[in-house]
Structure formats: C-alpha cells, structure tokens
Amino acid sequence: MLVYGKSNWTGDPNHKLDTVVALLREMADEPPGLARHGTLVTAFIVAGEFVQGIADAAFSEHGHDATSSAQDASSLFLMRLARMVWASWRTGFERALDAPDMTPLAALKLPDRITTRWAEGFAFYALYPESYAIAAARSGLGPGTNVIGIRSIGVPLGAMVASGLGSERLLTVRPSGHPFRRRVSNDLTDLQGRPGPHQDGFAIVDEGPGLSGSSFGAVIDRLCACGVAEDRIALFPSHPGAPGAHAEERHRARWPRMRCHVARFEDVVLARGGLTSWVADLVGPVESPLVEISGGSWRTLQGRDTDAWPPVNAQQEKRKFLLRAGGSAWLIKFAGLGLPGRTKLDRARALNAQGFSPPVSGYRHGFIIERWMEDVRPLDLCRVAPDTYIDQIGRYLGFRARCFACGPDRGASLGDLLAMARHNVGEALGSDWAGRLDSWTADRLAVLAERSHPTEIDGRMQPWEFLLKPDGRLLKCDALDHHAAHDLVGCQDIAWDIVGACVELPLSSAGQARLMAIVAQEAGRPVDRELLAFLTPCYLAFQLGAAAMAADAAYDLDEGGRLRRSGARYAAQLQNVLRR
C-alpha cells in the first residue's frame, strides 16, 4: 500500500544560512534557560539541513559522495553548534558557548539550489539530538573515533555523537539503491581525505533501524570491505530493537554481534522529572506524576468499553502525557522540534481563539501544553445524529480554508493522489476496480489543480477526534499538524476535509449539501464539486491503505482486528463510489 511520503524543501542555500543567523541572534538575546536552549537546537537542526543539502548537491553532481571546501566548512560549523547544544544540555541550560564565526561560510561558493529533507525523527517521533551525545558520552569510545552520519538525519545526529565523544572526525554518506537494499561505494576509511590513525574505530549514526536496517547495513558492509573488523565498529541507532521484517538475512544475523549505544527518550526527557520541570512555569505545582497516554492509551480515559474503542496506529502516535498540576489537568503532547514545532503554538492559539479547540498554554522544547478538558465527552454517533453539528463543523473547516492557506508545494499533487489511489485499489480490490479511475486523465487533473486552493487541512475528521461540551459545542482535538504528518497527503484543498467529514461522520445527502454551503460562505469561495468527486476515492483509498499497513504492523491482536474492520469499511465504501 502507498501511504507514506517525505517532505522536501528546494531552494537557495543562503536562505537556510540566513535562518540560522536569525535564530542565533534570537538566542543571544534570551536569558539562560530552556527557551534559549530550544532556540539553539532549532538553529542546529536548520544548520544540519544546510549541511545535508550541500553534501547531497555534490552527490547529485558526481553520482557519489565527494568532498568539497563547502562541505568541510559547513560540517565544521555544524560541529561547533553541536558542541554548543551539548554544553547547554550538560549545564542544565545555564551555559552556552559563543556562537561560531559564520564568515568562512559567507565566502564559500555554494550550489545555486539545494534540496533538504525534513527529519521525521525530530518532527514526529520525539527523537532528541541531545540523546545521541548522551549515548556517545556513555559509550566508552575515545575521541579518536571516526563518526559516520547517514544522511539525512544522520548529519546532525553524527555531529552530536562526535561532540559527546570529543571527536573532530565527522563524515556523512548517502547510501543509494532500493530502500531495502542500500549500498555505499565510497572508501570510508580515509575520513574526508584527512589522514590519521583509526585505532579508535568507527561510529555509524542514524535514526532507525527501520523495516530493513539497510542503511546501517550498507555502511557496515563497506567498512568491512575496506578491511575494518566488526569489533571496531559501533552503532548509534534511535532504539535498541533489531532491523525489521525486510532486513537481509546477513544483516539480521550480524546485528546482535554489533555494539549499539542508545539513550532512550525515557532516560533523556523523562529522567529526574525533566519534562515536568520544563512545563512547571506554565502549569503550576505538580500534584501527581506524569501519566503516559501514547499509543492509544488515551482511550482508557474516555469511559468506553474496549469493544467500542476506535482503532489507532499505536506506532505512529506521538508521545503524549497527562499531568495534574495547579488544580487542573494538562495534556503535554510532542509537537516537533525545530521551526515546525514552534509554529504549531500559533496555530493552536488561533484555533482556540475561535472556540474550535482546547486552550493552549505554551510550547516547551518540542511539546505543546494544552488544557485537558474534563467536562467533555467524545462525539458518539450512537447517541446523536451527526447532521446535528454540521454548522459547527462547517464553520471550523471554513476557518481553516480562509486562514490556513498555503503554497502548492506542501502536499501531494493530484497526480500523486491518483497514483496512490490506483495502487491501493489495485492491491485491495484488484485491477478491474483500479481501472475505474482511468477517467481521471492528466488534462482533467491539470484543470482541477488550477482551481484548487491548498490549505493546512485538519486531515482527521473521525468522530472520536471531536469532543462534545455540556453546552452542545464541539471541540476539535489534535487539529494542529496532520497536514504535515509522515504520509503523502500533506496540504490539500479543504475539499479533502469535507470528504473526510462526509465519510467519517457520516452525513446525509442534505447534510453534505449544507456543509458545503457553510464552508463556502466561511471561506469566501465555492466548494469545487468536481474536485470533491475526485478526492472521494482518493481519500478512501488512502485510509484503506493506512488501515491495512497499521493492521499488519500491530503488535496487539485486538488492535489489528479493529484496524482490519476499519479497512473493510473503507473498502466497501470505495466499491460503492467506484461503481458510480
């Protein structure tokens, strides 16, 4: 099934440098503390994207990794920022080294354009760069260790490992080939052409391992081919688990022999009351310990029988916690590190000001803090007709269409959505059903694209995403970032959410017509009915694919059953749509 996607940015590399300069100036004006540290980490993440983009530009030009003065200077700059982050963390955010001189970077000849990749670990999975320095400092490896960061996210993570080791030797590589069979062709034993002894061995750094662990495996393979013994290689992954089901057998067999160094989220962010202390100024005196409600555990707080639990993809849910402090209950949810995480606070406040979402108190180094609403209950379609709330839902979607408009390059194109729908329909229902989508030609989609208005959509219109207040008003939960999730949909015309409401709630024909009328009135433009007709099978095919993949990955049999039943409902609706 096609479900996931990557977010890339392409543009002038000086734009990234200018952003780093602005963030470092902002940091310099802040007093010591967590806020200053967060600004520094944001600058570090952007600098990591810059270094990755410079290195990948050389890779594209030469067909393999190649050194350059721009890479050397930018990597050195990133290493200095990493040491600043590490010093700030180790001193409880009280000490930050002086910002490095950026003059050498300004004198470099840079590519006209670079492409950077949004690091999913920083954005979605609460992967803190500081944890890699902590793991390195605990590893016992020496400062002569040669650090190899696997691009993309391995660039900043490699710099943090080098800082934790006190090493000055950092190389980044881009394994290529099939995602499950990556390969590296470069000689990795002469780090960026700088001669020196390798008595302290090599450290390979990346997020993962994922489904195959092939990126780690490719670098290990290449080092071994260059004569490096396995016992001189250490791995720095993001978790202690082994590669997944798609790993090559030799990689799977070798993994238990390798030395792996990991500092877990629990040991970094939660240790010694870390997260609680981060939010103390926003929530007041703590009354009870944090309670984790990630991975669908929030369902236990809704008073539902387990048979009525909504399905969740537990592995994809962001870390979230419930905290009782200052006489109230608070939801502390990971929203992402770096610039995207910071912008979500503004979006949360804008939604709350209009009465669409719960009150929000602030953002602290990756986490959004909002009020936990205790006087509400989930929207239950067994108790109330969904058409009852059409006016409120219409105003909500119209507000998003009017106020959260964005550029056309932040989501899948209509052609990409069609390709996804064809693939998923073919996988689930067969090629005959997929052929029913052939009437959507490239020319027809081009016309629709011209009429489309990309928006930071909600992306989740299922009934359990709404809370019902005692006075009959609806609140939308989790409304900040599904348009920037780890999937291929991204930002779309608000018609995507209209389809979602019609499918998920579901609405009567009269209710659908009223919803479109209200959204059009609030947004100040009509809803394109032809675009709705196109997006309906795309939405159903995407949700079918997501449910199927989540069910296959579910560790819990009951959860797998919920997801498969959900997928079957989408498949049945999809067949009805395709028949028409």
Side-chain angles (χ1 to χ4, degrees), residues 34 37-38 40-45 47-48 51-52 74-100 119 121-122 125-173 188 191-192 194 196 198-209 216 219 232-240 258-272 274 337-338 365-366:
L34 180 63
H37 180 81
L40 172 58
V41 171
T42 301
F44 171 71
I45 290 173
V51 176
Q52 171 255 302
S74 60
S75 294
L76 183 61
F77 174 73
L78 182 68
M79 291 274 285
R80 289 174 177 169
L81 285 181
R83 286 195 285 271
M84 291 177 66
V85 172
W86 184 220
S88 176
W89 179 271
R90 285 184 293 121
T91 60
F93 317 128
E94 290 301 316
R95 178 180 173 230
L97 304 175
D98 292 336
F122 298 152
Y125 302 123
L127 182 61
Y128 279 74
E130 300 95 329
S131 68
Y132 277 69
I134 293 171
R138 295 172 177 173
S139 69
L141 300 177
T145 302
N146 303 279
V147 179
I148 302 174
I150 301 176
R151 300 198 299 274
S152 298
I153 198 173
V155 174
L157 296 180
M160 291 305 300
V161 167
S163 295
L165 297 176
S167 172
E168 297 288 340
R169 302 176 65 80
L170 173 65
L171 170 70
T172 73
V173 297
L188 304 180
L191 213 63
Q192 291 193 351
R194 294 191 294 271
H198 304 300
Q199 68 273 15
D200 287 337
F202 294 81
I204 306 173
V205 187
D206 197 12
E207 190 178 7
F216 273 110
V219 180
R232 295 178 57 215
I233 302 172
L235 308 181
F236 286 83
S238 59
H239 62 81
M258 306 303 298
R259 292 176 294 159
C260 291
H261 303 282
V262 179
R264 301 183 309 149
F265 173 89
E266 289 76 9
D267 299 330
V268 176
V269 177
L270 300 184
R272 297 186 296 277
L337 296 167
H365 198 30

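When atom types are taken as modelled, the side chain of Asn146 and the backbone of Gly201 share a donor-acceptor pair closer than 3.5 angstrom. For Tyr132 (side chain) and Asp206 (main-chain N/O), a donor-acceptor pair under 3.5 Å exists by modelled atom type. Using modelled atom types, one side-chain atom of Ser167 and one backbone atom of Thr145 make a donor-acceptor pair closer than 3.5 Å. One N or O on the side chain of Ser238 and one on the backbone of Gly208 form a donor-acceptor pair closer than 3.5 Å. Under a 3.5 Å cut-off, the side chain of Tyr128 and the backbone N or O of Phe122 do not form any donor-acceptor pair. Of the possible donor and acceptor atoms, none in the side chain of Ser88 sits under 3.5 Å from a partner among the backbone N and O of Val85.
The distance from the CG atom of Asp98 to the CZ atom of Arg80 is 12.0 Å, given to the nearest 0.5 Å. The CD atom of Glu168 sits 8.5 Å away from atom OG of Ser163, with the distance rounded to the nearest 0.5 Å.
Side-chain contact between Leu127 and Phe265 is absent, with no heavy-atom pair separated by less than 4.5 Å. Residues His365 and Val41 meet the side-chain proximity criterion, which asks for heavy atoms closer than 4.5 Å. Counting heavy atoms from C-beta on, the side chains of His239 and Pro209 come closer than 4.5 Å. At least one side-chain heavy atom of Glu207 sits under 4.5 Å from a side-chain heavy atom of Tyr125.
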**OP:** Take Met160 and Phe44 through the test side chain to side chain contact (heavy atoms under 4.5 Å, CB included) and record every step on the way to the result.
**Re:** CA-CA 10 Å; Met160 291 305 300; Phe44 171 71; 3.7 Å; yes
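Closest of all the heavy-atom pairs between Leu337 and Pro129 is CD1-CD, 3.7 Å. In plain terms, the two heavy atoms of Pro143 and Gly166 that are nearest each other are CB-O, 3.6 Å. Between Val147 and Gly158, the closest heavy-atom pair is CG1-O, 3.5 Å. For Ser139 against Leu165, the heavy-atom pair with the smallest separation is OG-CD2, 3.5 Å.
Under the side-chain contact (heavy atoms from CB on, under 4.5 Å) rule, Val51 has a single partner from Leu76, Leu81, Leu78, which is Leu78.
Under the side chain to side chain donor-acceptor pair (under 3.5 Å) criterion, Arg83 pairs with no residue at all, not counting sequence neighbours. Applying the ring pair (Phe, Tyr, Trp, His ring centres under 6.0 Å) test to Phe236 and every residue at least two apart in sequence or in another chain returns His261.
Aromatic ring orientation, His37 versus Trp89: tilted (interplanar angle from 30° to 60°).
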